[in-house]
Each structure stands twice: as C-alpha cells, then as structure tokens.
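Here's the structure, in structure tokens; my notes come after.
Numbering starts at 1 and runs along the sequence shown.
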Amino acid sequence: MKKTLVSMAIAGALGLGGAAQAAEYQDFTVDETPYGGTEIIADKMNGGYSEKITFDGGGNFVTNAYADFGQYFANEGTDEILNSVINTGYDLYALFDATGAVVPLAPGITQFNANSGSFNLYLDPNADTTKTLGATGADPVVLGNAGDDFLIAFASNMTSGTGLLVAGIGGFFDLVFNDFTLVDPDGKNFFIKPDPFYLIVNVDGDFDNFIVAGTQTVTGDVSAVFAVPEPGTIALLGMGLLGMGVAARRRKAA
C-alpha cells in the first residue's frame with residue numbers, strides 16, 4: 001500500500017502517468033520437515049527489515065541492513081501459507097548491503113541509485129539469533145547466538161538497485177541480483193525445487209520516512225521473489241554457450 005501511495009505521489013509531482021506491470025511470481029518449494037513442518041510451495045517471502053544508512057554529504061550513501069522473514073505467500077503473493085513453521089521451528093534472515101548515489105528528483109522527492117551490493121540468506125535452526133545494527137551504514141550488522149546458523153544462499157551481482165523517498169510519507173526500494181546461488185548442501189536441502197534453482201532474486205520493500213543527511217536508522221517491510229531471465233537474456237546465454245561449444249570443438253580438432 002505504501003509503495004502504491006509513494007508511486008502516486010511521485011507520478012503526480014513529476015507529471016507521470018501509467019503503472020508498471022508486475023512480473024509473474026515464480027513458485028519454489030521449501031522443505032521444512034527437519035524443523036517440524038512439511039514441504040510447502042510458495043512464491044514470495046515476506047518480513048520486516050532494519051537498516052543503518054549514512055550519507056557523506058557529497059551525494060553518496062552506504063547502508064547495511066538485516067531482514068527477518070516471517071511469512072511465505074502463494075498465488076501471486078496474495079495468500080499467506082499458514083501451515084509453515086517459520087518463526088516457530090526455525091528463523092530465516094538476510095543480511096544485505098549497498099552503496100550508491102543520491103539524486104534529488106524534485107522538492108521533497110529523492111532517488112537512491114545503488115551501484116553495488118550483496119544479499120546473504122541464513123537459516124537459524126534454534127530461532128535465537130539477535131541482530132544489532134552498526135554505528136554507521138558502513139558497519140556490518142552484529143549477530144549474537146549465531147553459532148548454529150548456516151548460510152543457505154547468496155548473491156552479489158546487483159543488476160539494478162533503486163529507491164525513492166517522498167519526504168513526510170516514506171518510500172520504497174528494489175534490488176535485483178542475477179547470481180542467486182544455493183549453498184551445497186544446506187541451501188539445496190532447503191530450497192528443493194526447482195532444480196536448478198532461479199538465478200534472479202528481487203528484494204524489495206517499503207520504508208518509513210527519514211532525513212537524507214548524516215546517519216539514519218530506517219525500518220520497513222521487505223519481500224523476496226524470484227524471476228526467470230527475459231527471452232532476450234536466454235537467447236544471449238544460448239549464443240554464448242554455442243560459442244563456447246564451437247571454440248571447444250575447434251580446440252579439439254586442432
């Protein structure tokens with residue numbers, strides 16, 4: 001809802017029209033049986049997040065954040081899966097960071113363009129890990145009771161990272177990575193389908209209002225969904241694989 005309101009406010013301020021068409025949510029299967037649950041089919045993970053963001057006064061920012069995922073959804077992200085044991089049998093959380101530039105679009109409207117970042121997803125089998133933000137956006141999140149946790153997936157190749165803030169209202173962000181990788185065996189034992197798993201993960205969220213100066217603590221909602229490459233990307237990948245095959249045959253013939 002907040003994302004829609006902010007989009008409408010920005011569109012009105014900048015004289016824009018129309019709305020972006022949401023991509024189809026891709027189903028994935030999670031195996032919760034080791035934690036007292038069952039195998040569930042979802043298409044969205046949702047939760048809350050907290051971040052520390054620091055502005056250097058020269059148009060740049062750096063941020064470190066954590067997200068606690070507490071729900072799975074299905075049917076294009078509309079129906080909560082109530083039989084999941086997340087938050088009772090285990091916890092799922094992510095640590096993510098980004099650096100980038102600040103771009104004023106209009107009075108009271110600020111855009112954030114991330115140029116690098118990472119997303120790391122952890123499973124906490126005892127559901128007891130604590131998270132504490134650092135003193136500044138450059139400081140990593142400090143974890144407590146994390147000795148039993150394990151990394152199940154990660155991504156670091158950010159292909160798109162944007163955020164928009166309307167002063168007095170709030171804003172939203174969208175981060176897209178195209179190298180989402182499951183850790184073997186822990187990640188592959190948790191995300192069991194599809195196989196191979198999706199490479200593209202879209203992490204987006206809504207955040208509360210804050211001042212674009214100094215160091216700020218920001219809270220909001222976050223979700224993660226998966227995508228498949230666009231046809232053009234698949235074609236380029238196919239051409240690349242074909243080229244590798246031709247080169248290999250040439251080397252073998254030589």
Side-chain angles (χ1 to χ4, degrees), residues 27-53 62-74 80-98 117-158 175 177 179-205 217-226:
D27 287 348
F28 57 91
T29 302
V30 169
D31 184 6
E32 295 187 326
T33 55
Y35 314 103
T38 61
E39 292 183 5
I40 60 173
I41 300 175
D43 59 23
K44 178 182 179 181
M45 302 186 297
N46 192 71
Y49 88 97
S50 298
E51 73 172 311
K52 191 78 75 170
I53 185 168
V62 57
T63 180
N64 269 273
Y66 68 86
D68 287 310
F69 293 104
Q71 300 163 299
Y72 295 105
F73 287 84
E80 182 181 356
I81 299 176
L82 298 177
N83 65 329
S84 170
V85 295
I86 192 170
N87 282 342
T88 57
Y90 69 98
D91 277 352
L92 195 66
Y93 67 91
L95 303 180
F96 55 100
D97 60 80
S118 66
F119 176 78
N120 297 279
L121 189 62
Y122 293 86
L123 193 148
D124 173 14
N126 288 337
D128 62 351
T129 299
T130 61
K131 301 102 180 170
T132 305
L133 295 173
T136 73
D139 299 314
V141 176
V142 178
L143 301 177
N145 300 323
D148 60 313
D149 302 355
F150 46 89
L151 180 69
I152 58 174
F154 59 90
S156 59
N157 188 33
M158 181 185 292
L175 309 177
F177 301 87
D179 63 340
F180 188 76
T181 303
L182 298 183
V183 176
D184 191 6
D186 294 325
K188 295 181 178 181
N189 289 338
F190 184 74
F191 291 107
I192 58 176
K193 292 179 183 179
D195 184 16
F197 203 73
Y198 306 110
L199 287 176
I200 300 175
V201 59
N202 182 189
V203 182
D204 62 50
T217 300
V218 183
T219 59
D221 300 319
V222 66
S223 65
V225 298
F226 300 99

Got a second to check how far M45's CE is from I81's CD1, nearest 0.5 Å?
11.5 Å

Out of curiosity, I192 CD1 to L182 CG, how far, rounded to the nearest 0.5 Å?
11.5 Å

Is the shortest heavy-atom distance from the side chain of P140 to the side chain of L95 under 4.5 Å?
no

N/O donor-acceptor pair under 3.5 Å between S84 side chain and L82 backbone
no

Could you give me the CA-CA distance, side-chain angles and deciding distance for F191 and L121, then say whether side chain to side chain contact (heavy atoms under 4.5 Å, CB included) is met?
CA-CA 12 Å; F191 291 107; L121 189 62; 3.8 Å; yes

Classify the ring geometry between Y90 and Y35 as parallel (under 30°), tilted (30 to 60°) or perpendicular (over 60°).
tilted

With side chain to side chain contact (heavy atoms under 4.5 Å, CB included) as the criterion, how do N64 and L133 come out once you've worked through the C-alpha distance, each side chain's angles and the decisive distance to 0.1 Å?
CA-CA 8 Å; N64 269 273; L133 295 173; 5.9 Å; no

Ignoring hydrogens and angles, tell me if any N or O in the side chain of D149 forms a donor-acceptor pair with the backbone of P125 under 3.5 Å.
no

For residues 130-139, the side chain to side chain donor-acceptor pair (under 3.5 Å) pairs (sequence neighbours left out) are D68-K131, T136-D139

Please work out which of the three classes, parallel, tilted or perpendicular, describes the rings of F226 and F28, given edges at 30° and 60°.
perpendicular

Given the rule in the side chain to side chain contact (heavy atoms under 4.5 Å, CB included) test, do N46 and V222 qualify, once you have shown the distances and angles that lead to the verdict?
CA-CA 6 Å; N46 192 71; V222 66; over 6 Å; no

Among residues at least two apart in sequence or on other chains, which ones pass side-chain hydrogen bond (donor to acceptor under 3.5 Å, both in side chains) with T33?
D31

Given F154, Y93, F190, the one that forms ring pair (Phe, Tyr, Trp, His ring centres under 6.0 Å) with Y122:
Y93

Give a yes or no answer on whether the side chain of D148 reaches the backbone of D124 with a donor-acceptor pair at less than 3.5 Å.
no

Please, which pairs that meet side chain to side chain donor-acceptor pair (under 3.5 Å) have at least one residue in residues 183-196, sequence neighbours excluded?
none

Check the side chains of D204 and S223 for a donor-acceptor pair under 3.5 angstrom, ignoring hydrogens and angles.
yes

Give the intermediate values and the outcome of side chain to side chain donor-acceptor pair (under 3.5 Å) for residues D128 and N145.
CA-CA 6 Å; D128 62 351; N145 300 323; 4.9 Å; no

Count the heavy atoms of every other residue, nucleotide or ligand shown that sit under 6.0 Å from CD1 of I41, and state whether that count exceeds 12.
no

Between T63 (side chain only) and K52 (backbone N and O only), is there a donor and an acceptor less than 3.5 Å apart?
yes

Could you go step by step and tell me if F180 and I200 meet the side chain to side chain contact (heavy atoms under 4.5 Å, CB included) rule?
CA-CA 6 Å; F180 188 76; I200 300 175; over 6 Å; no

Counting distance only, does the side-chain N/O of D179 pair as donor-acceptor with the main-chain N or O of N157 below 3.5 Å?
yes

Paired with I40, the side-chain contact (heavy atoms from CB on, under 4.5 Å) test is passed by just one of V85, I86, T29, N83, namely N83

